[in-house]
Participant: 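First the structure, which I've put down as structure tokens, then a few questions once you've had a look.
Protein chains get the first letters and strands the later ones, always in sequence-line order, with residue 1 at the start of each.
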Protein chains: 2
Amino acid sequence: MAGIKEVAEEAGVSAATVSRALRGFHHVNAATRAKILAAAEKLDYPIAPIQNKSALGRTNSIGVVAPYISRWYFAQVINGAEQALREAGFDLLLYNFSQMKGRERLFQHQLLKGRVDALIVISLPPTEEEFDSMLNLGIPVSLVGMHHKRCSSVAIDDVASSRTATQHLVNQGHKKIGLMSGRPDNPFNFSVPQDRRKGFMQALAENGLEWVPSREVHGDFTMHTASRAMDDLLARPNRPTAIFCESDEMAFGAMQAARRHGLKVPDDISIIGFDGHEMAEYSDLTTMEQPVQLMGEMAAWSIMERIRKPSAEPHSLVLPTTLVVRNSTRRLSPNEA
Amino acid sequence: MAGIKEVAEEAGVSAATVSRALRGFHHVNAATRAKILAAAEKLDYPIAPIQNKSALGRTNSIGVVAPYISRWYFAQVINGAEQALREAGFDLLLYNFSQMKGRERLFQHQLLKGRVDALIVISLPPTEEEFDSMLNLGIPVSLVGMHHKRCSSVAIDDVASSRTATQHLVNQGHKKIGLMSGRPDNPFNFSVPQDRRKGFMQALAENGLEWVPSREVHGDFTMHTASRAMDDLLARPNRPTAIFCESDEMAFGAMQAARRHGLKVPDDISIIGFDGHEMAEYSDLTTMEQPVQLMGEMAAWSIMERIRKPSAEPHSLVLPTTLVVRNSTRRLSPNEA
DNA sequence: CGTACTTTTGCAGTCGCTTGCAGAATTATT
DNA sequence: AATAATTCTGCAAGCGACTGCAAAAGTACG
């Protein structure tokens, strides 16, 4: 109810002075400021006042775009970003795009124009065209979980990390290694599946292991599809002794399917995941852990920095991953391999 | 860059007409509208234009407040709400309050004033005082996961659902039933722990079962603390044959601890959870499923309805829960009980 | 006490869009 | 064709803050 005017009147000054006093800029007499603060207090007017988009030209809020906000990974990143943003006084506008139909509207900036001061895009590789649109908005854009030369980003090295994960299996004596990867035709065109697959292949190649295509199945990064895919894989002849899953959730699905088929993990089959999902510990899943929450925070800081000085060059940040060895993988004795 | 003015000029009409045309109100000649649309298109001006808070008096965005946005339950509710809001053209502002310090500022509406048209509060029971503040904002407030006479809400019947869950254990012949509940001194003062505990106690009483206090341990709704708490419980004499966990995540922790202690679920101990967590299926956990996503959607619709007609009475909605029986609970033979 | 600075403050214009009102253009009626 | 009824459209006044400019008030100094 109470606006800047009411406060001004209450304090016996002009609205302009109230605006200045509350923002701390310019010169305002200490006594006057005190009066104004008292008045604001009395009228329950926020000390950090309602910013006004039209006057300010900015909204003080930052958009976060993600394809599935309720999946663990995204929720974590968002959480990290939220914390950093809130701390710095920004609001966070959430844009979810599990439905493809939204994407178009989003990237054609119908939705974003003028509503946010910057954009954090999580794991959703825009096409070059969409990129043009986004950059045309004239606001900084920051990517999480992927890179692009035209804007800042925070990510891990998916290729190297996958290679390390796969190498772990090799080190444990596995030679017949299966791959649970993302669907090559995923609608969002995520880059993660390709990258992790690439790292996997590299590790195989480096160790002189032959790649057998029938050892690969696809899922969409959910437990459910992974579980089905695993059924499929296990039904095939010449079963692998270990499986690299491109995400922990898929690894969970794989483990479940394995159990359903009467296989023990890791006795009968080793499974390694990727992400460092909260439940990995519970499931005793060996996994490649990525600093999810931190990625959100870094993206937030980085983009706020760019809001401050828009001229700054975009820069990409690569955060380290950690192999966490648990008991879903085991060493194969030479005669088992 | 392009504003309504530019579009107006391009189309050879006044800004006012553009505004009207793009909003679809009032009468605008079809031909004129076409010209305007063409101009907008050409200049890349959003068809759904940037609403202007000062002129409109509203922001077209709705705040969602939750204590832990990255926990499964909250992420699901938020997801549901986001979908409904987006569909209706609202933006969603996310407020996370894992840190208590934020709470104060939030409810003293320093943060919210003028930034949102309505507020959805998830599982965070405000004190009466905070309630006053919120309602003073003059915007509709809707609660998820709890009720309050002074505003609309969407929730399940925690008491009845817990009673049903517990009854399930009783029906399976369990007499020594343990309880994994939320900490009574939880900082947010959640109502859920009390309610679920109450339902549990009711079931016991109705079946003439004695309540043994040493069969209760507390967690904070995370797997981790639950796991520790379970260690504690299992170390005590006269171990229960079944345990009701107030959340699935706690149930996961309990299952993990049980396994660690060499106990098989459900052979040695039955465990039932609450929530219908995505991973419950994977863990074969019997649980009381609540329609999480739906709750978010309903809250969103309900609050948008109240934005439309602010005079409407607040109403509370109770959604049904479903007992999903899996294999973490088993029937006890009479001589085991 | 008058002059020259500084600091403080208010006026009025602005931001980008909405909207009441009334005049203009179009269509209908007689 | 003149008048009335409708439908469009533009003008201008907001909305609620921010801010450049200049006047007002306060200080310093001679």
Side-chain angles (χ1 to χ4, degrees), chain A residues 1-37 39-40 43-61 89 91 109-110 112-117 137-139, chain B residues 1-37 39-40 43-61 89 110 112-117 137-139:
Chain A
M1 296 283 153
I4 200 173
K5 284 214 270 281
E6 284 71 44
V7 178
E9 189 170 0
E10 174 74 25
V13 297
S14 77
T17 307
V18 174
S19 178
R20 280 186 280 246
L22 260 29
R23 213 144 295 23
F25 296 145
H26 306 281
H27 318 281
V28 172
N29 183 295
T32 313
R33 165 176 284 124
K35 265 194 307 187
I36 292 175
L37 285 174
L43 297 182
D44 237 12
Y45 182 86
I47 304 297
I50 305 103
Q51 311 274 7
N52 188 306
K53 159 84 171 83
S54 9
L56 231 49
R58 54 203 170 73
T59 60
N60 236 276
S61 50
D91 277 338
H109 65 206
Q110 303 291 25
L112 298 168
K113 186 82 186 279
R115 292 155 108 86
V116 295
D117 292 345
L137 285 173
I139 58 176
Chain B
M1 295 287 148
I4 200 173
K5 285 214 269 282
E6 283 72 43
V7 178
E9 189 170 1
E10 174 75 25
V13 297
S14 77
T17 306
V18 175
S19 178
R20 280 187 280 246
L22 260 29
R23 215 144 289 31
F25 295 145
H26 307 279
H27 319 280
V28 173
N29 184 295
T32 314
R33 164 175 285 124
K35 262 194 307 186
I36 292 175
L37 285 174
L43 297 182
D44 236 12
Y45 182 86
I47 304 298
I50 304 103
Q51 309 277 6
N52 188 305
K53 158 83 172 82
S54 8
L56 230 48
R58 54 205 169 72
T59 60
N60 237 278
S61 51
Q110 303 290 27
L112 298 169
K113 185 82 187 277
R115 292 155 108 88
V116 294
D117 292 346
L137 286 172
I139 58 176

Participant: Counting C-beta onward and ignoring hydrogens, is there a side-chain heavy-atom pair between B/Arg33 and B/Leu37 closer than 4.5 Å?
Facilitator: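 Side-chain contact under 4.5 Å: yes.
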Participant: Check whether any side-chain nitrogen or oxygen of A/Thr32 sits under 4.0 Å from OP1 or OP2 of C/dT9, and answer yes or no.
Facilitator: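 For A/Thr32, the contact criterion (side-chain N or O under 4.0 Å from OP1 or OP2 of C/dT9) is met.
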Participant: Are more than 12 heavy atoms, taken from residues, nucleotides or ligands other than A/Glu9, located less than 6.0 Å from that residue's CD atom?
Facilitator: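 Counting neighbours around CD of A/Glu9, 12 or fewer heavy atoms of other residues, nucleotides or ligands fall under 6.0 Å, so no.
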Participant: Using atom NZ of B/Lys5 as one end and atom C1' of D/dC11 as the other, report the distance to the nearest whole Å.
Facilitator: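 The answer, rounded to whole Å, is 15 Å.
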Participant: Examine C/dC17: is either OP1 or OP2 under 4.0 Å from a nitrogen or oxygen in the side chain of B/Tyr45? Give yes or no.
Facilitator: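 Yes, because at least one side-chain N or O of B/Tyr45 sits under 4.0 Å from OP1 or OP2 of C/dC17.
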Participant: May I ask you to say what B/Val13 touches in the nucleic acid, namely base, sugar-phosphate or nothing, with a heavy-atom cut-off under 4.0 Å?
Facilitator: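 Sugar-phosphate contact only.
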Participant: Among D/dT9, C/dT8, C/dG10, which nucleotide has an atom closest to any side-chain atom of B/Arg20?
Facilitator: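 When the side chain of B/Arg20 is considered, D/dT9 is the closest of D/dT9, C/dT8, C/dG10.
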Participant: Considering only side-chain heavy atoms of B/His27, which listed nucleotide, D/dC8, D/dC15, C/dT8, is closest?
Facilitator: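 The nucleotide sitting nearest to the side chain is D/dC8.
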Participant: Looking at the side chain of B/Ala16, which of D/dC18, D/dA12, D/dT7 is the nearest nucleotide?
Facilitator: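 Between D/dC18, D/dA12, D/dT7, the one nearest the side chain of B/Ala16 would be D/dA12.
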Participant: Would you say B/Thr17 places a side-chain N or O within less than 4.0 Å of OP1 or OP2 belonging to D/dG10?
Facilitator: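 Result: yes.
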Participant: Rounded to the Å, how far apart are B/Lys53 NZ and D/dA17 C1'?
Facilitator: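 For the pair B/Lys53 NZ and D/dA17 C1', the rounded distance is 9 Å.
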Participant: A/Gly3 near the nucleic acid: base, sugar-phosphate alone, or nothing, with a heavy-atom cut-off under 4.0 Å?
Facilitator: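 It contacts sugar-phosphate atoms only.
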Participant: Ignoring hydrogens and angles, tell me if any N or O in the side chain of B/Thr59 forms a donor-acceptor pair with the backbone of B/Arg115 under 3.5 Å.
Facilitator: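 Yes; at least one donor-acceptor contact below 3.5 Å.
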Participant: Decide yes or no for A/Asp91 and A/Asn60: does some side-chain heavy atom of the first lie under 4.5 Å from some side-chain heavy atom of the second?
Facilitator: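 Side chain of A/Asp91 against side chain of A/Asn60, heavy atoms only: no contact under 4.5 Å found.
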Participant: Treat a base pair as Watson-Crick or G-U wobble with both distances under 3.5 Å, then lay out DNA chain D in dot-bracket form, 5' to 3', with | for cross-strand pairs.
Facilitator: ||||||||||||||||||||||||||||||
Participant: Quick one: closest heavy-atom pair of B/Ala40 and B/Ile47, and the distance?
Facilitator: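 Closest approach of B/Ala40 to B/Ile47: CB-CD1, 4.2 Å.
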Participant: Side chain of A/Arg23 only, please: which of D/dA17, D/dC8, C/dT9 is the nearest?
Facilitator: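 Per side-chain heavy atoms of A/Arg23, the pick is D/dA17.
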Participant: Between B/Tyr45 and B/Leu22, what is the shortest heavy-atom contact and its length?
Facilitator: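 Minimum heavy-atom separation between B/Tyr45 and B/Leu22: CE2-CD2, 3.6 Å.
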Participant: Just how far, in rounded Å, is P of D/dG10 from CG of B/Asn29?
Facilitator: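 The distance from CG of B/Asn29 to P of D/dG10 comes to 11 Å, rounded to the nearest Å.
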Participant: Round to the nearest Å and state the distance from B/Asn60 atom CG to C/dC17 atom P.
Facilitator: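 Taking CG of B/Asn60 and P of C/dC17, I get 14 Å after rounding.
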Participant: Take the protein atom CG of A/Asn52 and the nucleotide atom C1' of D/dC18, then report the distance between them rounded to whole Å.
Facilitator: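 The answer, rounded to whole Å, is 8 Å.
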Participant: Report yes or no: does A/Arg23 contribute a side-chain atom to a donor-acceptor pair with the main-chain N or O of A/Ser19 at less than 3.5 Å?
Facilitator: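 Side chain of A/Arg23 to backbone of A/Ser19: a pair is present.
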Participant: Would you kindly give the NZ-to-C1' distance between A/Lys113 and C/dC17, to the nearest whole Å?
Facilitator: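 Interatomic distance, NZ of A/Lys113 to C1' of C/dC17: 13 Å.
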Participant: Please tell me which of the listed nucleotides, D/dC18, C/dG10, D/dC8, lies nearest to the side chain of A/Ile4?
Facilitator: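 That would be D/dC18.
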Participant: Rounding to a whole Å, what distance do you find between B/Arg58:CZ and D/dA17:P?
Facilitator: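 The answer, rounded to whole Å, is 17 Å.
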Participant: At less than 4.0 Å, is any side-chain N or O atom of B/Ser54 found next to OP1 or OP2 of D/dG16? Yes or no.
Facilitator: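 Looking at the OP1 and OP2 atoms of D/dG16, neither is under 4.0 Å from any side-chain N or O of B/Ser54.
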Participant: Using heavy atoms to find the nearest nucleotide of DNA chain D for A/Gln51 and B/Ser14 separately, return the residue whose nucleotide is more 5′.
Facilitator: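 Final value for this comparison: B/Ser14.
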Participant: Provide, to the nearest angstrom, the distance between the CD atom belonging to A/Glu9 and the C1' atom belonging to C/dG10.
Facilitator: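 Distance, rounded to whole Å: 15 Å.
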Participant: Supply the atom-to-atom distance A/Leu137 CG to A/Asp117 CG, rounded to the nearest 0.5 angstrom.
Facilitator: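 So the gap between those two atoms works out to 11.5 Å.
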Participant: A/Leu56 has a side chain; which of D/dT9, C/dT18, D/dC18 sits nearest to it?
Facilitator: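 From the listed options, D/dC18 comes nearest.
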